[in-house]
Chemist: 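The structure is given below, and queries will be raised subsequently.
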Amino acid sequence: MAAPLQSGPYAPDLPAVPAWLNKGDNAWQLTAATFVGIQSMPGLVVLYGSIVKKKWAVNSAFMALYAYASTLIVWVLVGFRMAFGDRLLPFWGKAGPALAEGFLAARASFPATARRGADGALVAPRTEPYYPEATLVLFEFEMAAITLVLLAGSLLGRMNIKAWMAFTPLWLLLSYTICAFSLWGGGFLYHWGVIDYSGGYVVHLSSGVAGFTAAYWVGPRLKSDRERFAPNNILLMIAGGGLLWLGWAGFNGGAPYAPNITASVAVLNTNVSAATSLLTWTCLDVIFFGKPSVIGAVQGMMTGLVCVTAGAGLVHTWAAILMGVCAGCVPWVTMMILHKRSALLQKVDDTLAVFHTHAVAGLLGGVLTGLLATPDLMALHSHLPGARGAFYGGGVAQVGKQLGGALFVVAWNVVVTTGIILAVGLVVPLRMPDEQLRIGDDAAHGEEAYALWGDGERFDLTRNEAARTGAWGNGVREETVDHRLAGTGARGLTIQL
């Protein structure tokens, strides 16, 4: 006797559940997208707003917030299909909107990933996840947005916010979409076999190199800011870093486009590498400086996350520990030792050391993946048969591909970022004038992060000097700033302006 037709939300003929849709895959990919979004909003917004001086808290957080919002609009208008649509050039997809119901409700696909042999016969079909295009558009937007937010870390504390507003959409279209299509969307690096599991090159190497390049052209912060740039709230900085760490489960767990075995391995390896790198960086701080730095611990956490990203779902967990050790050592050496000995690194004011934490760590992860990617995990993830790391019989060819892919990403970002920055500079000044840089948020936005002088009352800077020099008014000497602070209960509080 035939079983009765199932009714309810799991009925086979439910209109919103076509035959190709897998509810578990769709649910996980939407969750992963949300995790990646939390990394930017509020993760990096909080981290940026707290890791800088008080006078730059609002501006730094807003640069991240604006990049996130502007990316979404440009992404659905033209960006998504430039990165993941039909092939236009070996490194670029055809532009087009991702707005219509017919496109967004159809099954997700990567048209350019289909691989054909020399005779034109189909060797490998195009990638088609089991959920709608709308889910893919959202997930890939979050990856694009965090790339721009990370890039902003190199420019905090001096870039004209209007120049940043013009720079973000141009860089997204002319740089990010190129790297994403080349490595993920079916471009020449994808078919060549360069491994970038979840953005070691597309996200981190790109943002680190582009941020460093942009910082060179924008120019440095004020001398006083470069010499003393203490965080205004270390506890919030840790909270923002924590959101970034936990959100990385979606970053690397969503890379296979399904909650499969490589996703599980990737999430575990991501956490193992981050913890190992944090401990390694902290130990180096203790050995060489005598005490553990909290900022250093956050930087070590970051480099561990970045390094493992290129191969998170493709390596053994013992290899993730090795990657974490390398991520805690190599960027530490480049930041603490080589940086001080390099005239170029000293000249470029990379505010949050994004070059070291993302470019160096991203390149390191890509090379280590070329060495450590296992054949079994590669068989579950890669479109190329027999792909594996050098330690598993892949030879030096895979490492060569990794270096070649990195060279393309670096060269493209240096050239294109330079062109965009110089073009924007013809229209809008790239750097705020020194008088505005001395003030900070109030000059840039007319707003400040903390109301320290009363219930929302803004402290009048024009009275500051008079109070400190003992100015007289109406026959009575004004009380000093220190006395006024004591009256508000702020005794003992030191603010770095």
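All values derive from a computational prediction rather than experimental measurement.
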Chemist: Counting only pairs under 3.5 Å, give me each side-chain donor-acceptor contact of residues 390-407, with atom names and distances, residues two or more places apart or in other chains.
Modeler:
unit_1	atom_1	unit_2	atom_2	d
Q398	NE2	G193	O	3.1
Q398	NE2	Q402	OE1	3.0
K401	NZ	W192	O	3.0
Q402	OE1	I195	N	2.7
Q402	NE2	I195	O	3.0
Q402	NE2	G366	O	3.0

Chemist: Side chains of C329 and T280: does their closest heavy-atom pair fall under 4.5 Å?
Modeler: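 Counting from C-beta outward, C329 and T280 do come under 4.5 Å.
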Chemist: Please, which pairs that meet salt bridge (Lys or Arg N to Asp or Glu O under 4.0 Å) have at least one residue in residues 337-353, sequence neighbours excluded?
Modeler: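 Every salt bridge (Lys or Arg N to Asp or Glu O under 4.0 Å) pair that includes a residue of residues 337-353, provided the two are not neighbours, is R221-D349, R226-D349.
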Chemist: Quick one, S154 and T351 - any side-chain contact, counting heavy atoms below 4.5 Å?
Modeler: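 They are not in contact (no side-chain heavy atoms under 4.5 Å apart), so the answer is no.
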Chemist: Would you call W164 and L151 a side-chain contact if the rule is heavy atoms closer than 4.5 Å?
Modeler: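 The answer is yes; the side chains approach within 4.5 Å.
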Chemist: Keeping S182 on the side-chain end and C179 on the backbone end, is there a donor-acceptor pair under 3.5 Å?
Modeler: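 Not at all, since once roles are kept as given, no pair shorter than 3.5 Å links the two residues.
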Chemist: Check step by step if side-chain contact (heavy atoms from CB on, under 4.5 Å) holds for L244 and I146.
Modeler: CA-CA 10 Å; L244 193 69; I146 196 172; 4.3 Å; yes
Chemist: Spell out, as yes or no, whether a donor-acceptor pair under 3.5 Å connects the side chain of N252 to the backbone of A266.
Modeler: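 No: the side chain of N252 does not pair with the backbone of A266.
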Chemist: Please list all pairs meeting salt bridge (Lys or Arg N to Asp or Glu O under 4.0 Å) that have one or both residues in residues 89-110, counting only residues at least two apart or in different chains.
Modeler: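 Passing the test, one end in residues 89-110: no pairs.
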Chemist: How close do D25 and A258 get, counting heavy atoms only, and between which atoms?
Modeler: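 Taking D25 first and A258 second, the nearest heavy atoms are OD2-CB, 3.7 Å.
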Chemist: State, with a plain yes or no, whether a side-chain heavy atom of V78 is found less than 4.5 Å away from one of L173.
Modeler: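 In contact.
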Chemist: Would you find a donor on one side and an acceptor on the other, under 3.5 Å apart, between the side chain of T113 and the backbone of T127?
Modeler: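 Indeed, once roles are kept as given, a pair shorter than 3.5 Å links the two residues.
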Chemist: Which residues pass the side chain to side chain donor-acceptor pair (under 3.5 Å) test with H339, not counting sequence neighbours?
Modeler: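 Checked H339 against side chain to side chain donor-acceptor pair (under 3.5 Å); matches are H356.
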Chemist: Quick one: side chains of residues 81-93, donor-acceptor pairs under 3.5 Å with protein atoms, not counting sequence neighbours, listed by atom name and distance.
Modeler:
unit_1	atom_1	unit_2	atom_2	d
R81	NH1	P97	O	3.0
W92	NE1	T177	OG1	3.1

Chemist: Give a yes-or-no answer on whether the side chains of R388 and S382 include a donor-acceptor pair shorter than 3.5 Å.
Modeler: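 No, because no side-chain N or O of R388 sits under 3.5 Å from a partner of the opposite role on S382.
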Chemist: I'd like to check the ring-ring contact (aromatic ring centres under 6.0 Å, His included) partners of W184; sequence neighbours left out, ordered by chain and number.
Modeler: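 None.
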Chemist: For Y176, which residues count as a ring-ring contact (aromatic ring centres under 6.0 Å, His included) partner, sequence neighbours excluded?
Modeler: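 Scan of Y176 (ring-ring contact (aromatic ring centres under 6.0 Å, His included), adjacent residues dropped) gives none.
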Chemist: Check whether the side chains of D376 and T374 place a donor and an acceptor atom closer than 3.5 Å, and report yes or no.
Modeler: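 Judged by distance alone, the side chains do not pair up.
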Chemist: May I ask you to test the R115-L384 pair for a side-chain heavy-atom distance under 4.5 Å?
Modeler: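 They are in side-chain contact.
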Chemist: Check the pair T147, V202 against side-chain contact (heavy atoms from CB on, under 4.5 Å), reporting the backbone distance first and the verdict last.
Modeler: CA-CA 8 Å; T147 308; V202 175; 5.8 Å; no
Chemist: Can you list every pair that meets salt bridge (Lys or Arg N to Asp or Glu O under 4.0 Å) and has a residue in residues 127-137, with sequence neighbours left out?
Modeler: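 As it turns out, the salt bridge (Lys or Arg N to Asp or Glu O under 4.0 Å) pairs with a partner in residues 127-137, which skip direct neighbours, are R126-E128.
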Chemist: Can you find a pair of side-chain heavy atoms, one from W245 and one from N271, that are under 4.5 Å apart?
Modeler: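 Side-chain contact under 4.5 Å: yes.
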Chemist: How far does CE of M378 sit from OG1 of T262, to the nearest 0.5 angstrom?
Modeler: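 OG1 of T262 is found 11.0 Å from CE of M378.
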Chemist: Counting only heavy atoms from other residues, nucleotides and ligands, does the tally under 6.0 Å from CD1 of I337 exceed 12?
Modeler: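 Yes, because the 6.0 Å sphere around CD1 of I337 holds more than 12 heavy atoms from other groups.
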Chemist: What is the ring orientation for Y257 with F139, classed by angle as parallel under 30°, tilted 30 to 60°, or perpendicular over 60°?
Modeler: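 Ring orientation of Y257 relative to F139: perpendicular.
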Chemist: I'd like a table of donor-acceptor pairs (distance under 3.5 Å, sequence neighbours excluded) in which one partner is a side-chain atom from residues 300-315, with atom names and distances.
Modeler:
unit_1	atom_1	unit_2	atom_2	d
T303	OG1	S277	OG	3.0
T303	OG1	Q299	O	3.3
T303	OG1	G300	O	2.9
T303	OG1	A327	O	3.0
T309	OG1	W248	NE1	3.0
T309	OG1	L305	O	2.7

Chemist: Quick one: does V52's side chain get under 4.5 Å of M237's, heavy atoms only?
Modeler: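 When only atoms from C-beta onward are counted, M237 and V52 do not touch, as no gap falls below 4.5 Å.
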Chemist: Mind telling me whether W28 and F35 have parallel, tilted or perpendicular rings, with 30° and 60° as the class edges?
Modeler: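 Rings of F35 and W28: tilted, 30 to 60°.
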Chemist: Report yes if some heavy atom in the side chain of N22 is under 4.5 Å from a heavy atom in the side chain of Y131; otherwise report no.
Modeler: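 The answer is no, as the side chains (C-beta and beyond) never meet within the 4.5 Å cut-off.
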Chemist: Which residues pass the ring-ring contact (aromatic ring centres under 6.0 Å, His included) test with F188, sequence neighbours left out?
Modeler: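 If we apply the ring-ring contact (aromatic ring centres under 6.0 Å, His included) test to F188, skipping adjacent residues, the hits are F408.
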Chemist: Decide side-chain contact (heavy atoms from CB on, under 4.5 Å) for L172 and L148; before the verdict, give the C-alpha distance in whole Å, the side-chain angles of both, and the deciding distance to 0.1 Å.
Modeler: CA-CA 8 Å; L172 173 70; L148 271 157; 4.0 Å; yes
Chemist: Could you please spell out the steps behind the ring pair (Phe, Tyr, Trp, His ring centres under 6.0 Å) verdict for F251 and H204?
Modeler: CA-CA 12 Å; F251 196 99; H204 300 294; 5.5 Å; yes
Chemist: Test of understanding: with ring-ring contact (aromatic ring centres under 6.0 Å, His included), list the residues that count as partners of F62, not counting sequence neighbours.
Modeler: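 Testing F62 for ring-ring contact (aromatic ring centres under 6.0 Å, His included), a comparison that skips the adjacent residues, returns H445.
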Chemist: Test F141 against every option in Y68, W75, F80 by the ring pair (Phe, Tyr, Trp, His ring centres under 6.0 Å) rule and name the one that passes.
Modeler: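 Of the listed residues Y68, W75, F80, the ring pair (Phe, Tyr, Trp, His ring centres under 6.0 Å) partner of F141 is Y68.
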Chemist: Please report the C-alpha distance between L372 and M323 in whole Å, then the side-chain angles of each, then the deciding distance to 0.1 Å, and finally whether the side-chain contact (heavy atoms from CB on, under 4.5 Å) criterion is met.
Modeler: CA-CA 10 Å; L372 300 170; M323 295 175 84; 4.1 Å; yes
Chemist: Pairs under 3.5 angstrom only: tabulate donor-acceptor contacts from the side chains of residues 208-220 to other protein residues two or more places apart or in another chain.
Modeler:
unit_1	atom_1	unit_2	atom_2	d
T213	OG1	V209	O	2.8
W217	NE1	T418	OG1	3.1

